[in-house]
Peer 1: 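Below is one structure. I have some questions about it.
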Amino acid sequence: QVQLVESGGGLVQAGGSLRLSCAASGRTFSSYGVGWFRQAPGKEREFVSSISASGGSTYYADSVKGRFTISRDMVKNTVYLQMSVLKPEDTAVYYCAASRAPLALRVGSLYNYWGRGTQVTVSS
């Protein structure tokens, strides 16, 4: 069993930066693929980024490519999402998810565990 807790969200002006953290419990977390998803009001959940268990593979949605960076710290059992050049359309609740497969997955239904989310609001 893995429990995920997101943190680092908040209110930021357009062009600013935030770093989200996804802290995990469980000794096997280092063998899990991890993804970030987001859901804006009135919209469906969408994929943002993912990283493989080894950290060797990463994927990004086209909308965030070049602005967001995903990374993981095996010692701290934490995955980060560094977000830069934020835009108002990045406003959403951001969720991290973990998959027992050690892959960087882009489909939400393939993830086994989800956090409760952290709100990111970007003002114009």
Peer 1: What is the distance from atom CD of Gln82 to atom CZ of Arg67, rounded to the nearest 0.5 Å?
Peer 2: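 Interatomic distance, Gln82 CD to Arg67 CZ, rounded to 0.5 Å: 12.0 Å.
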Peer 1: Can you see which heavy atom on Ala53 is nearest to which on Met74, and at what distance?
Peer 2: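 Closest approach of Ala53 to Met74, heavy atoms only: O-CE, 2.6 Å.
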Peer 1: Measure the shortest side-chain to side-chain distance between Ser31 and Pro102 over non-hydrogen atoms and say whether it is less than 4.5 angstrom.
Peer 2: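 No, their side chains stay 4.5 Å or more apart.
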Peer 1: Using salt bridge (Lys or Arg N to Asp or Glu O under 4.0 Å) as the criterion, list what pairs up with Arg19, not counting sequence neighbours.
Peer 2: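 By the salt bridge (Lys or Arg N to Asp or Glu O under 4.0 Å) rule, Arg19 matches no residue at all.
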Peer 1: Could you check whether the rings of Phe37 and Trp114 sit parallel, tilted or perpendicular, using 30° and 60° as the cut-offs?
Peer 2: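 It falls in the tilted class, 30° to 60°.
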Peer 1: Would you give the length of the straight line joining atom OG of Ser99 to atom CG of Leu110, rounded to the nearest 0.5 angstrom?
Peer 2: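 With rounding to 0.5 Å, OG (Ser99) is 6.5 Å from CG (Leu110).
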Peer 1: Using a 4.5 Å cut-off on heavy atoms from C-beta on, say whether the side chain of Arg38 contacts that of Val93.
Peer 2: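 When only atoms from C-beta onward are counted, Arg38 and Val93 do not touch, as no gap falls below 4.5 Å.
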Peer 1: Does CD in Gln3 sit with more than 12 non-hydrogen atoms of other residues, nucleotides or ligands closer than 6.0 Å?
Peer 2: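 Counting neighbours around CD of Gln3, 12 or fewer heavy atoms of other residues, nucleotides or ligands fall under 6.0 Å, so no.
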Peer 1: How close do Ser50 and Arg106 get, counting heavy atoms only, and between which atoms?
Peer 2: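 It is OG-CG, 4.4 Å.
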Peer 1: Can you tell me how far apart CD (Gln1) and OH (Tyr113) are? Round to the nearest 0.5 Å.
Peer 2: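 Separation between the atoms: 5.0 Å.
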Peer 1: Does a donor on one side chain and an acceptor on the other come within less than 3.5 Å for Arg116 and Tyr95?
Peer 2: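 There is no such pair (donor and acceptor under 3.5 Å, judged by atom type) between the side chains of Arg116 and Tyr95.
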Peer 1: For side chain to side chain contact (heavy atoms under 4.5 Å, CB included), just list the numbers for Cys22 and Tyr80, CA-CA rounded to whole Å, side-chain angles, deciding distance to a tenth of an Å, and then say yes or no.
Peer 2: CA-CA 6 Å; Cys22 174; Tyr80 303 99; over 6 Å; no
Peer 1: Mind running side chain to side chain contact (heavy atoms under 4.5 Å, CB included) on Cys96 and Tyr111 for me, showing each step along the way?
Peer 2: CA-CA 10 Å; Cys96 73; Tyr111 284 87; over 6 Å; no
Peer 1: Determine the sole option in Thr78, Asn77, Asp73 for which the side-chain contact (heavy atoms from CB on, under 4.5 Å) test with Val75 is passed.
Peer 2: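 Output: one option passes, namely Asp73.
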Peer 1: Write down the atom of Leu4, the atom of Ala24, and the distance for their closest heavy-atom approach.
Peer 2: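 Here Leu4 and Ala24 meet closest at CD2-CB, 3.6 Å.
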Peer 1: For the hydrophobic clusters of this structure (ILVMFWY residues joined by side-chain heavy atoms under 4.5 Å, transitively), does one cluster hold both Leu105 and Val48?
Peer 2: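 Leu105 does not cluster with Val48.
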Peer 1: Return the CZ to OG distance between Arg72 and Ser30, rounded to the nearest 0.5 Å.
Peer 2: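 These two atoms lie 7.0 Å from each other.
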Peer 1: I need the Ser57 OG to Leu103 CG distance, nearest 0.5 Å.
Peer 2: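 Ser57 atom OG to Leu103 atom CG measures 8.0 Å (nearest 0.5 Å).
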Peer 1: For Thr91 and Val120, what are the C-alpha separation, side-chain angles and deciding distance, and is it a side chain to side chain contact (heavy atoms under 4.5 Å, CB included)?
Peer 2: CA-CA 5 Å; Thr91 294; Val120 172; 5.9 Å; no
Peer 1: Under the ring pair (Phe, Tyr, Trp, His ring centres under 6.0 Å) definition, can you give me all pairs with a residue in residues 48-75, not counting sequence neighbours?
Peer 2: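 Sorted result for residues 48-75: empty, none.
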Peer 1: Which heavy atom in Gln119 sits nearest to a heavy atom in Thr121, and how many Å separate them?
Peer 2: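 Scanning both residues, the minimum pair turns out to be NE2-OG1, 3.3 Å.
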Peer 1: What closest approach, in Å, do Thr118 and Gly8 show between heavy atoms, and which atom pair accounts for it?
Peer 2: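 Heavy atoms of Thr118 and Gly8 come nearest at OG1-N, 4.3 Å.
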Peer 1: Flag yes if Trp36 and Phe47 sit in one hydrophobic cluster, no otherwise; membership is Ile, Leu, Val, Met, Phe, Trp, Tyr, and two members link when side-chain heavy atoms are under 4.5 Å apart.
Peer 2: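 In one cluster with Trp36: Phe47, no.
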Peer 1: Decide yes or no on side chain to side chain contact (heavy atoms under 4.5 Å, CB included) for Val79 and Ile51, but give the supporting numbers first.
Peer 2: CA-CA 9 Å; Val79 172; Ile51 187 167; 4.3 Å; yes
Peer 1: Is the Phe29 ring parallel, tilted or perpendicular to the Tyr32 ring (thresholds 30°, 60°)?
Peer 2: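 Ring orientation, 0 to 90° scale: tilted.
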Peer 1: Taking 4.0 angstrom as the limit, do Asp90 and Lys87 come out as a salt bridge?
Peer 2: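 No salt bridge links Asp90 with Lys87.
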Peer 1: Would you name the heavy atoms of Gln39 and Ala92 that are closest together and state the gap between them?
Peer 2: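 Scanning both residues completely, I find the closest heavy atoms to be O-CB, 3.4 Å.
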